[in-house]
Amino acid sequence: MKTIMVIGAGQMGGGIAQVAAQAGYSVILNDIKEEFVNRGFGIIDKNLSRSVDKGKLKAEEKDQILGLITKSVSLQDAVSADLVIEAAVENMEIKAKIFAQLDEICPEHTILSTNTSSLPITEIAAFTKRPDRVIGMHFMNPVPVMKLVEVIRGLATSDEVYKTIEDLSIKMGKTPVEVNDAPGFVANRVLIPMINEAVFTLNEGIASVEAIDNVMKLGMNHPMGPLALGDLIGLDTVLSIMEVLHEGLGDKYRPCPLLRKYVKAGWLGRKSGRGFYKYEA
Ligand SMILES: CC(=O)CC(=O)SCCNC(=O)CCNC(=O)[C@H](O)C(C)(C)COP(=O)(O)OP(=O)(O)OC[C@H]1O[C@@H](n2cnc3c(N)ncnc32)[C@H](O)[C@@H]1OP(=O)(O)O
Ligand SMILES: NC(=O)C1=CN([C@@H]2O[C@H](COP(=O)(O)OP(=O)(O)OC[C@H]3O[C@@H](n4cnc5c(N)ncnc54)[C@H](O)[C@@H]3O)[C@@H](O)[C@H]2O)C=CC1
């Protein structure tokens with residue numbers, strides 16, 4: 001495997017592109033607009049510069065890593081990819097369109113993976129004629145820091161593809177964990193209802209934003225509180241995941257109306273400058 005194409009240069013796609021290039025792969029970083037690709041590339045540049053300042057990376061290594069990343073705004077560039085990691089928005093219609101197009105563009109050997117947080121891998125695979133070469137590769141945010149990759153097999157994913165992705169995750173400095181294709185997989189089946197419950201707690205006036213987060217930080221040793229974590233993930237993504245859990249697993253997983261209200265207001269967390277907290281640009 002030589003070339004990895006990452007689709008979506010947002011917070012996850014940028015992080016995935018960074019760790020793939022750090023592992024020595026040629027990376028094609030794709031988004032729908034040049035400004036989005038440039039923004040993603042700029043964040044990678046900033047992350048690597050921070051590592052150089054801390055003495056964890058040499059300046060020439062940073063240049064080498066950045067030199068491995070090519071910017072793209074055309075899906076046609078997938079023609080030279082051995083693996084695609086899709087990290088566009090959490091929306092089945094958009095992912096379906098991307099996978100159907102990739103299936104036409106990519107050579108036969110190319111593996112098509114998705115970083116979806118919750119959408120069924122089997123359904124995404126069904127939009128291609130190569131479901132045996134489609135797999136879930138679920139990184140955690142922030143990608144350069146978090147060790148886990150949930151590796152999710154669709155119904156038809158081959159053992160060979162599973163093994164390739166397991167090995168690749170290790171080469172990227174991550175620890176792969178195999179999970180089955182089910183709503184929210186493991187990570188988000190457990191994590192996102194906790195965040196949703198924290199929003200209910202806020203909505204019912206039980207405690208302030210800061211108090212709720214402090215309870216979970218000081219009481220449970222969580223590195224950040226659930227509302228701050230929701231802001232980090234993106235409240236649009238949190239809501240999309242809750243909707244998948246609700247549809248797949250029943251009423252216990254009902255998204256909190258306050259979460260919906262925030263998303264409707266465009267208060268998406270860090271990426272929009274405002275969520276449960278305010279952030280400077
Ligand atoms: C929704 C999904 O589908 C799945 C998910 O991803 S769910 C979300 C999973 N992620 C989590 O739960 C994150 C929980 N939070 C944490 O682990 C920590 O608060 C945190 C890693 C985000 C920040 O850690 P911290 O100790 O408070 O902050 P800080 O000291 O600034 O950072 C620690 C290190 O991480 C790095 N870092 C922090 N944020 C970063 C980012 N966005 N990108 C790259 N590096 C980052 C820092 O540079 C620092 O690196 P060094 O150790 O080399 O100095
Ligand atoms: N935010 C998180 O903590 C995590 C998110 N994920 C998943 O990763 C995916 C991306 O999430 P984020 O990076 O947070 O979102 P984001 O909103 O930061 O970035 C998404 C990017 O995809 C781009 N995009 C949209 N349609 C596209 C298309 N057709 N082709 C190419 N690019 C397109 C957007 O322009 C944007 O730059 C989602 O599926 C999400 O569920 C997975 C793990 C953690």
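When a ligand or atom number is given, it counts from 1 through the structure's own listing order.
- Looking at T237 next to ligand 1, no N or O pair under 3.5 Å apart turns up.
- Of all the heavy atoms of V143, none lies under 4.0 Å from any atom of ligand 1, so neither backbone nor side chain is involved.
- Atom 19 (O) of ligand 1 is flagged as protein-proximal [any protein heavy atom, distance under 4.0 Å].
- Near ligand 2, I7, G8, G10, Q11, M12, N30, D31, I32, F36, R39, A87, A88, V89, E90, I94, K95, I98, N115, T116, S117, H138, F139, N141, I233, T237, K271 each place a heavy atom less than 4.0 angstrom from the ligand.
- In summary, the atoms of ligand 1 found under 4.0 Å from a heavy atom of R50, numbered by their order in the structure, are 44 (C), 45 (N), 46 (C), 48 (O).
- Of all protein heavy atoms, the one closest to atom 41 (C) of ligand 1 is P142 CB, 3.5 Å.
- The closest protein non-hydrogen atom to atom 15 (N) of ligand 1 is M224 SD, 3.1 Å.
- Counting non-hydrogen atoms of other residues, nucleotides and ligands closer than 6.0 Å to CG of L155 gives a total of 12 or fewer.
- Pairs of residues two or more places apart, or lying in two chains, never qualify as ring-ring contact (aromatic ring centres under 6.0 Å, His included) while including a residue from residues 84-131.
- Salt bridge present: E178 and R153 bring a charged side-chain N and a carboxylate O closer than 4.0 Å.
- Close approach of ligand 1 to N188 (heavy-atom distance below 4.0 Å) involves ligand atoms 1 (C), 2 (C), 3 (O), 4 (C).
- We find that D236 and K271 are joined by a salt bridge, their nearest charged nitrogen and carboxylate oxygen being less than 4.0 Å apart.
- When only non-hydrogen protein atoms are considered, atom 6 (O) of ligand 1 lies nearest to N141 N, 2.8 Å.
- Residue N221 qualifies as open at atom CG: its count of foreign heavy atoms under 6.0 Å is 12 or below.
- Linking Ile, Leu, Val, Met, Phe, Trp and Tyr whenever their side-chain heavy atoms come within less than 4.5 Å leaves V151 and F185 in two separate clusters.
- For the ligand labelled ligand 1, residue H138 lies inside the 4.0 Å heavy-atom shell.
- Close contacts of ligand 1 with K54, meaning ligand atoms under 4.0 Å from a residue heavy atom, involve 47 (C), 48 (O), 49 (C), 50 (O), 51 (P), 53 (O), 54 (O).
- Salt bridge status for D159 with K163: absent, with no side-chain N to carboxylate O gap under 4.0 Å.
- At a heavy-atom distance under 4.0 Å, only side-chain atoms of I233, from C-beta outward, approach ligand 1.
- Atoms of ligand 1 lying under 4.0 Å from at least one heavy atom of K56, given by number and element, are 51 (P), 52 (O), 53 (O), 54 (O).
- Within a 4.0 Å radius of atom 48 (O) of ligand 1, the protein contributes one or more non-hydrogen atoms.
- Protein non-hydrogen atoms do reach within 4.0 Å of atom 9 (C) of ligand 1.
- Of all the atoms in ligand 1, the ones that sit under 4.0 Å from a non-hydrogen atom of N47 are 43 (N), 44 (C).
- Counting only heavy atoms from C-beta outward, the side chains of M172 and Q22 never approach each other to under 4.5 Å.
- More than 12 heavy-atom neighbours from other residues, nucleotides or ligands sit within 6.0 angstrom of CG on D63.
- Annotation for ligand 1: atoms under 4.0 Å from non-hydrogen atoms of P223 are 14 (C), 15 (N), 16 (C), 17 (O), 18 (C), 19 (O).
- Nearest approach of V161 to D132, heavy atoms of both residues: CG2-O, 3.5 Å.
- Listed by number with element, the atoms of ligand 1 under 4.0 angstrom from any heavy atom of M140 are 4 (C), 5 (C), 6 (O).
- Atom 30 (O) of ligand 1 is never approached by the protein to below 4.0 angstrom, counting heavy atoms only.
- The nearest protein atom to atom 21 (C) of ligand 1, hydrogens excluded, is given as V145 CG1, 3.8 Å; this is a heavy-atom distance.
- Summarising the local packing, CD of E34 is surrounded by 12 or fewer heavy atoms from other residues, nucleotides or ligands at distances under 6.0 Å.
- Under the side-chain hydrogen bond (donor to acceptor under 3.5 Å, both in side chains) criterion, R260 pairs with E243, not counting sequence neighbours.
- Protein heavy atoms are found inside the 4.0 Å sphere centred on atom 35 (O) of ligand 1.
- Among pairs with a residue in residues 259-281, those fulfilling ring-ring contact (aromatic ring centres under 6.0 Å, His included) read Y262-W267, Y262-F276, at least two apart in sequence or across chains.
- A salt bridge links E104 to K129: one of the charged nitrogens lies within less than 4.0 Å of a carboxylate oxygen.
- Listed by number with element, the atoms of ligand 1 under 4.0 angstrom from any heavy atom of L191 are 7 (S).
- The side-chain heavy atoms of I16 and M137, taken from C-beta on, include no pair separated by under 4.5 Å.
- For the pair A187 and ligand 1, no heavy-atom separation below 4.0 Å is found.
- The protein reaches atom 3 (O) of ligand 1 closely, with a heavy atom under 4.0 angstrom from it.
- In this structure, M224 is a member of the same hydrophobic cluster as L259, with clusters built from ILVMFWY side-chain heavy atoms closer than 4.5 Å.
- Taking a distance limit of 4.0 Å, we find that atom 25 (P) of ligand 1 is approached by no protein heavy atom.
- Hydrophobic cluster membership differs between I4 and I170, with clusters built from Ile, Leu, Val, Met, Phe, Trp and Tyr side chains linked at under 4.5 angstrom.
- Taking the side chain as every heavy atom from C-beta outward, R50 and K56 never approach each other to under 4.5 Å.
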